[in-house]
Amino acid sequence: MAITTHACKLNTNTAIKFISSCSSVLHAHISTTRRPPTKSPHRPRYLHCHKLFSINRNLCCHCRAVCGRAFCQGLSSKKTLSTSASLADREIMEQQFEEFKQLLEDSGNVRERLRIIVADLDSVTRVMQADLLQVHYSSRSPEILRKAKSHIGKLKELYGQLAEVIKGTPGQYYRYHDNWRNQTNTVVFLIVYLHWLETGNLLSYAETQNALGLNPDEFGLDIEDYLIGLCNMSSELPRYVVNQVTIGDYECPKRVSKFLSDLYAAFRILNLRNDFLRKRFDGMKYDLKKVEEVLYDVKIRKLGSSGSATETKHEAS
């Protein structure tokens, strides 16, 4: 009985060893021949090992190190490419802003040259305007008009200098136009006003350009500058009428009223928008109204041609 029991124990141990060895071999075979796991949408895909198809918990230390080095090399190569691309973009950006810097410096130099010329232009217009103020307190003396007209040559010279500066920047006329816009409005007013005092007629746009020596193909007179100059002259005429009636010229209101009526009717042809020119044009009707009021007072008081002639006889005696 004891022998039988011992034999049974030996057979049982042998069977257990045999089964464990078979299971280990089977487990090894299954682990080496199984299909790779499917890629999870929430887990990044790593580089494959030379023994296993993916990194998992069964990967040995040697294979883990090999795959880790390969993965790091991939990351470093991507980082190098992105760094080189950012450097190229930075070079392009710096080159672009260097060009901007040069353009701004050139524009600043042009504006500085224009500023000097416009300052001289402003001083000439002030002197010319001061000379024309004398017509408000005396008759239209040829000496006064000749003195004011003597400054036109200087104006031609200054506008020639402006044209030379703008010629160096082709196609940039309206970029720098604001530098001399206000002075040009005053110049047009003075020239047109001077011509009206001499002839009683309006100086046309082309004649104004010729008076200033401007070439429309290179450096011309802006139409709005001409029109604003006419509006400025309209604002000056009511004061001129009042002062002329004061010194005994009772025919002046009639002449100015007819001229302003024709000018206002011509402006009505234009389709002006709500801008500065429209505001100046709106003031023209008030100028015309002031002149008509003076003309009405002269007629009511019967200070027309007969009164003027009588006063002239008294002055002669």
Side-chain angles (χ1 to χ4, degrees), residues 105-169 172-199 202-240 243 275-277 279-280 283 287:
E105 289 180 355
D106 295 340
S107 177
N109 295 333
V110 172
R111 292 183 186 279
E112 182 63 24
R113 294 172 61 187
L114 292 175
R115 187 188 64 80
I116 297 174
I117 299 173
V118 169
D120 296 338
L121 185 64
D122 196 22
S123 63
V124 173
T125 55
R126 285 199 302 268
V127 174
M128 188 175 179
Q129 199 166 8
D131 294 338
L132 281 177
L133 284 176
Q134 300 179 18
V135 299
H136 289 282
Y137 309 106
S138 62
S139 59
R140 290 178 293 179
S141 173
E143 297 179 359
I144 297 175
L145 301 181
R146 190 182 307 112
K147 184 178 180 181
K149 201 171 182 179
S150 63
H151 302 287
I152 296 180
K154 183 63 176 177
L155 294 177
K156 284 184 178 181
E157 180 182 350
L158 292 174
Y159 275 99
Q161 295 178 11
L162 289 176
E164 288 295 327
V165 175
I166 298 301
K167 191 183 297 183
T169 58
Q172 302 292 322
Y173 175 88
Y174 285 102
R175 179 181 180 182
Y176 303 103
H177 179 230
D178 290 337
N179 290 274
W180 65 82
R181 177 193 293 270
N182 295 331
Q183 287 74 18
T184 301
N185 296 338
T186 305
V187 168
V188 172
F189 151 64
L190 293 174
I191 292 179
V192 174
Y193 184 43
L194 181 60
H195 180 79
W196 182 84
L197 290 174
E198 290 179 336
T199 63
L202 178 65
L203 189 67
S204 66
Y205 172 73
E207 292 172 344
T208 305
Q209 287 195 117
N210 294 332
L212 295 175
L214 301 179
N215 186 1
D217 298 330
E218 297 179 357
F219 187 91
L221 177 64
D222 187 69
I223 296 178
E224 290 190 3
D225 292 342
Y226 173 75
L227 295 176
I228 292 174
L230 296 183
C231 294
N232 292 340
M233 184 188 69
S234 172
S235 301
E236 187 72 13
L237 289 178
R239 180 189 176 197
Y240 174 76
N243 291 326
D275 54 2
F276 181 72
L277 179 58
K279 294 178 181 179
R280 300 292 295 121
D287 300 331

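Looking only at side-chain heavy atoms (C-beta outward), Leu203 and Val188 stay at 4.5 Å or farther from each other. Annotation: side chain of Glu236 is not in contact with side chain of Leu132 (no heavy-atom distance under 4.5 Å). Counting only heavy atoms from C-beta outward, the side chains of Lys154 and Met128 never approach each other to under 4.5 Å. Between Val110 and Gln172, every side-chain heavy-atom pair lies at or beyond the 4.5 Å cut-off.
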List the steps, then state whether side-chain contact (heavy atoms from CB on, under 4.5 Å) holds for Lys167 with Phe219. CA-CA 8 Å; Lys167 191 183 297 183; Phe219 187 91; over 6 Å; no

Checking Arg175 against Thr169 for the side chain to side chain donor-acceptor pair (under 3.5 Å) test, could you report, in this order, the C-alpha distance in whole Å, the side-chain angles of both residues, the deciding distance, and whether it holds? CA-CA 10 Å; Arg175 179 181 180 182; Thr169 58; over 6 Å; no

CA sep, side-chain torsions, deciding dist, call: Tyr176, Val165, side-chain contact (heavy atoms from CB on, under 4.5 Å): CA-CA 10 Å; Tyr176 303 103; Val165 175; over 6 Å; no

Are Ile223 and Tyr226 close enough, and set up right, to give a side-chain contact (heavy atoms from CB on, under 4.5 Å), and what steps lead you there? CA-CA 5 Å; Ile223 296 178; Tyr226 173 75; 5.5 Å; no

Take Arg280 and Ser235 through the side-chain contact (heavy atoms from CB on, under 4.5 Å) test and state the conclusion after the steps. CA-CA 9 Å; Arg280 300 292 295 121; Ser235 301; 3.3 Å; yes

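Separating the SG atom in Cys231 from the CG atom in Asp287 is a distance of 9.0 Å, to the nearest 0.5 Å. Taken to the nearest 0.5 Å, the CD atom of Glu207 stands 6.0 Å off from the NE2 atom of His195. Here the straight-line distance linking atom CD1 of Ile191 with atom NZ of Lys149 works out to 10.5 Å at 0.5 Å rounding. Rounding to the nearest 0.5 angstrom, the gap separating the CG atom in Leu114 from the OG atom in Ser107 is 9.0 Å. Atom OG1 in Thr125 sits 11.0 Å away from atom CG in Asn185 (nearest 0.5 Å). Ile117 contributes atom CD1, which lies 13.5 Å from atom CG of Asp122 (distance to the nearest 0.5 angstrom).
The two residues Leu202 and Met233 make their nearest non-hydrogen contact at CD1-CE, 4.5 Å. Shortest non-hydrogen contact noted between Ile152 and Ala211 is CG2-O, 3.6 Å. For Leu214 against Gly220, the heavy-atom pair with the smallest separation is CD1-C, 4.2 Å. Closest approach of Thr186 to Gln129, counting heavy atoms only: CG2-OE1, 4.1 Å.
Between the side chains of Asn232 and Tyr193, no donor-acceptor pair is found at a separation under 3.5 Å. Side chains of Asp225 and Thr184: no donor on one and acceptor on the other come within 3.5 Å.
His136 and Tyr240 have perpendicular rings, their planes meeting at more than 60° on a 0 to 90° scale where under 30° would count as parallel. Aromatic ring orientation, His177 versus Tyr173: parallel (interplanar angle below 30°, classes split at 30° and 60°).
Between the side chain of Ser234 and the backbone N or O of Leu230 there is no donor-acceptor pair closer than 3.5 Å. Not one N or O on the side chain of Gln183 forms a donor-acceptor pair closer than 3.5 Å with the backbone of Val118.
Residue Leu197 is tested with Ile144, Val192, Val135 for a side chain to side chain contact (heavy atoms under 4.5 Å, CB included); the sole match is Val135. When each of Asp120, Leu190, Val124 is paired with Leu155, the side chain to side chain contact (heavy atoms under 4.5 Å, CB included) condition holds for Val124 and for no other.
Using a cutoff of 4.0 Å between basic side-chain nitrogens and carboxylate oxygens, Glu143 and Arg146 are not scored as salt-bridged.
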